[in-house]
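Numbering of ligands and ligand atoms starts at 1, following listing order. When a residue number appears, it is its place in the shown sequence, counting from 1.
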Amino acid sequence: MNKNEAIGIFDSGIGGITVLKEILKILPNENYIYYSDSRNNPYGDKSDRKINELCENIVKLFIKQKCKTIVIACNTASAKSAQYLRDRYQDIPFIAIEPAYKMVYDYAYSEPTLVMATKGTIESEKFNLLYHTYDNHKTILLPCVGLADIIEEGNKDKIKAYLKEQLEPYRGKVKNVVLGCTHYPLIHDDIQEVLGQVTFFNGAPYLAKHLKEILEEKDLANNMEKKGIIQFIDSSNDEQKKKRFFEILEGKGF
Ligand code: DGL
C-alpha cells in the first residue's frame with residue numbers, strides 16, 4: 001500500500017460528507033474517493049444480507065482503485081457490515097463510524113438523552129451492545145424512518161414537518177441528542193429549533209482522530225504539502241448530487 005493512494009469513504013448517499021468534513025480538518029492533504037450509493041438509498045431499512053452485499057461491492061471498487069484505507073461513513077453500514085468486511089478484507093484497514101453514545105456516558109451521564117438513528121442501526125447487534133454497556137437509564141431510542149431520505153432529497157419543508165411531528169413530544173424533556181446517522185448533522189439547526197437547547201453528540205470528529213492515528217501507525221500518512229484531491233462517485237450518476245456534494249463541502253447550502 002502506498003502513502004499517496006486515496007482514502008475511500010462511503011455512505012448510502014451524501015450524508016457521509018459530515019464525516020469527510022471532520023476528516024478534512026485534520027487530514028487536508030490526503031486524496032479521497034467519496035462513494036455515494038444513492039441508487040440504493042436508504043440503507044436504514046434493508047436486511048443485513050443486502051447491506052453486506054452493497055458494501056462489499058463498494059469495497060471491491062475501492063480496492064481496484066488501490067485505496068489505502070476505507071472509511072465507513074454510514075452508521076447503518078458500520079453497525080451491520082464492518083465486521084463482515086474486516087473478516088473478508090484483512091489487508092486493508094477499515095475505520096467505521098458509530099453513534100457517539102459512549103460520549104454521553106463519559107460527559108453527560110446523568111442527563112436525559114435522545115438517540116436518533118436509522119431503524120437498522122437501532123436494531124443492530126453492534127449498537128445494542130454499545131447501548132447496554134453505556135445505558136444511563138434515561139435514554140430514548142428513536143428510529144427516524146425516512147429522515148435520511150428527505151435529507152438526501154434536500155427538501156427543507158418536508159424536513160421541518162417531519163421533525164416537528166417526530167420531535168415535538170421531546171421538547172424540553174431531553175438534554176443530549178446523539179446524531180446516530182451521518183445525514184443528521186446536516187440538519188442540526190432544524191433539530192435544535194424543535195427541541196430547544198440541547199447538546200449534540202456526533203462520532204465524526206473521533207473517527208477523524210482515529211483515522212489519523214491509524215495512518216500514522218501504519219506509516220500510510222500522505223506527506224504531500226498541498227491539498228489533496230477529492231473525487232466524487234455517485235452510483236446513480238446523478239450530476240445534481242455531485243453539484244450539491246461540492247456545494248456542501250464548500251459550506252454552501254446543506
Ligand atoms: N447515513 C446513513 C447512516 O449513517 C444511512 C442513511 C440511510 O441510508 O438510511 O446510518
Side-chain angles (χ1 to χ4, degrees), residues 8-23 34-59 70-85 94-101 103 114-128 130-131 141-155 158-159 162-163 166 177-188 190-191 200-208 211 232-236 238 241 244-245 248-249 254:
I9 166 164
F10 75 94
D11 179 41
S12 63
I14 55 172
I17 201 170
T18 60
V19 178
L20 178 60
K21 274 188 162 189
E22 294 298 332
I23 295 174
Y34 184 99
Y35 190 94
S36 146
D37 195 8
S38 71
R39 186 154 53 110
N40 297 302
N41 183 279
Y43 278 8
D45 37 25
K46 287 199 168 50
S47 70
D48 294 16
R49 201 161 140 211
K50 186 68 193 165
I51 295 185
N52 284 344
E53 182 193 315
L54 295 172
C55 292
E56 191 159 12
N57 287 338
I58 301 170
V59 165
I70 295 176
V71 175
I72 309 179
C74 170
N75 287 272
T76 315
S78 293
K80 297 196 172 213
S81 302
Q83 200 52 49
Y84 173 89
L85 297 169
F94 286 93
I95 321 293
I97 187 94
E98 73 173 8
Y101 191 60
M103 271 175 75
L114 181 70
V115 177
M116 297 174 67
T118 66
K119 184 168 167 285
T121 297
I122 287 182
E123 288 176 359
S124 70
E125 212 181 303
K126 189 170 171 221
F127 175 72
N128 273 278
L130 177 78
Y131 171 57
L141 302 180
L142 185 67
C144 298
V145 178
L147 182 56
D149 297 19
I150 52 177
I151 298 173
E152 194 68 27
E153 222 180 276
N155 185 326
K158 276 197 201 166
I159 293 167
Y162 182 103
L163 294 177
Q166 299 294 320
V177 176
V178 175
L179 299 170
C181 165
T182 55
H183 282 73
Y184 304 165
L186 292 171
I187 54 157
H188 143 294
D190 305 286
I191 296 174
F200 287 104
F201 290 83
N202 174 8
Y206 299 87
L207 175 142
L211 170 64
F232 178 81
I233 305 172
D234 180 71
S235 57
S236 50
D238 184 342
K241 199 137 275 189
R244 206 161 146 236
F245 174 85
I248 298 173
L249 209 54
F254 89 96

Note: ligand 1 atoms sitting under 4.0 Å from heavy atoms of N41 are 8 (O)

Could you tell me the residue and atom name of the protein heavy atom closest to atom 9 (O) of ligand 1, and the distance to it rounded to 0.1 Å?
G44 N, 2.8 Å

With a heavy-atom distance limit of 4.0 Å, tell me whether N75 approaches ligand 1 through its side chain, its backbone, both, or neither.
both

Indicate, as side chain, backbone, both or neither, the part of T182 found under 4.0 angstrom from ligand 1 when only non-hydrogen atoms are considered.
both

For ligand 1, which atoms sit closer than 4.0 Å to a heavy atom of D11?
1 (N), 2 (C)

Is it the side chain, the backbone, both or neither of A148 that has a heavy atom closer than 4.0 Å to ligand 1?
side chain

Just checking, any donor-acceptor pair under 3.5 angstrom between side chains of N52 and S81?
yes

Is the backbone N or O of A96 less than 3.5 Å from a side-chain atom of S78, with the two atoms forming a donor-acceptor pair by type?
no

Do you know which of T76, T118, D37 makes side chain to side chain donor-acceptor pair (under 3.5 Å) with Y43?
D37

Does a side chain donor of either Y84 or D48 reach within less than 3.5 Å of an acceptor in the other side chain?
no

Donor-acceptor contact present, side-chain E152 to main-chain I14, <3.5 Å:
yes

To the nearest 0.5 Å, atom CG of D190 lies from atom OH of Y162 at 13.5 Å

Check T76 against ligand 1 and report side chain, backbone, both or neither, counting heavy atoms closer than 4.0 Å.
both

What atoms of ligand 1 come within less than 4.0 Å of a heavy atom belonging to S12?
5 (C), 6 (C), 7 (C), 8 (O)

In terms of the angle between their ring planes, are F200 and H188 parallel, tilted or perpendicular, with boundaries placed at 30° and 60°?
tilted

What atoms of ligand 1 come closer than 4.0 angstrom to any heavy atom of Y43?
7 (C), 8 (O), 9 (O)

Are any of the N/O atoms in T118 less than 3.5 Å from those in ligand 1?
no

